[in-house]
Amino acid sequence: MKKMPKKTVAKNAFKGLSKKTKITAPKAKVKTYKKLFRKRGLSGKVKVTK
């Protein structure tokens, strides 16, 4: 699986999501995606799971 480049996630891409939102990521990439998404505006209340 290729790494998701930072350029593919726009700044504020996650603005306005409710805290009930769940994002599913590949098991091996959950930590990486969570960090990237938080930098791009994902609320700390939204869950990123495998």
Side-chain angles (χ1 to χ4, degrees):
M1 177 180 252
K2 285 183 162 183
K3 183 178 175 184
M4 181 186 300
K6 291 179 184 180
K7 293 179 184 179
T8 61
V9 181
K11 196 164 188 139
N12 296 319
F14 301 103
K15 189 175 182 179
L17 292 179
S18 74
K19 63 182 177 182
K20 293 181 181 180
T21 304
K22 293 181 184 176
I23 298 174
T24 305
K27 186 177 179 180
K29 299 287 184 179
V30 171
K31 190 174 181 179
T32 305
Y33 280 18
K34 189 181 294 188
K35 186 176 179 180
L36 172 63
F37 294 164
R38 299 277 188 245
K39 285 183 179 181
R40 296 297 184 181
L42 184 66
S43 169
K45 295 177 183 177
V46 175
K47 293 183 180 182
V48 179
T49 61
K50 54 182 173 179

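Note that the structure is predicted; figures quoted are calculated from it, not measured.
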- Starting at NZ of Lys34, measure out to NZ of Lys47 and round the result to the nearest 0.5 Å. 10.0 Å
- Task: Test Val46 against Phe37 for side chain to side chain contact (heavy atoms under 4.5 Å, CB included), laying out the working first.
- Result: CA-CA 10 Å; Val46 175; Phe37 294 164; over 6 Å; no
- Note on the structure: Separation between CD1 (Ile23) and CG (Leu42), nearest 0.5 Å, reads 4.5 Å
- Query: Rounded to the nearest 0.5 Å, how far does CZ of Phe14 lie from OG1 of Thr21?
  - Reply: 10.5 Å
- Taken in chain and number order and not counting sequence neighbours, the residues that satisfy side chain to side chain contact (heavy atoms under 4.5 Å, CB included) with Thr24 are Thr49
- Query: How many angstroms lie between atom CG of Leu36 and atom CZ of Arg38, to the nearest 0.5 angstrom?
  - Reply: 11.0 Å
- Note on the structure: By side chain to side chain contact (heavy atoms under 4.5 Å, CB included), Lys50 pairs with (sequence neighbours left out) Lys27, Val30
- Item | For Lys11, all residues meeting side chain to side chain contact (heavy atoms under 4.5 Å, CB included), sequence neighbours excluded | Arg40
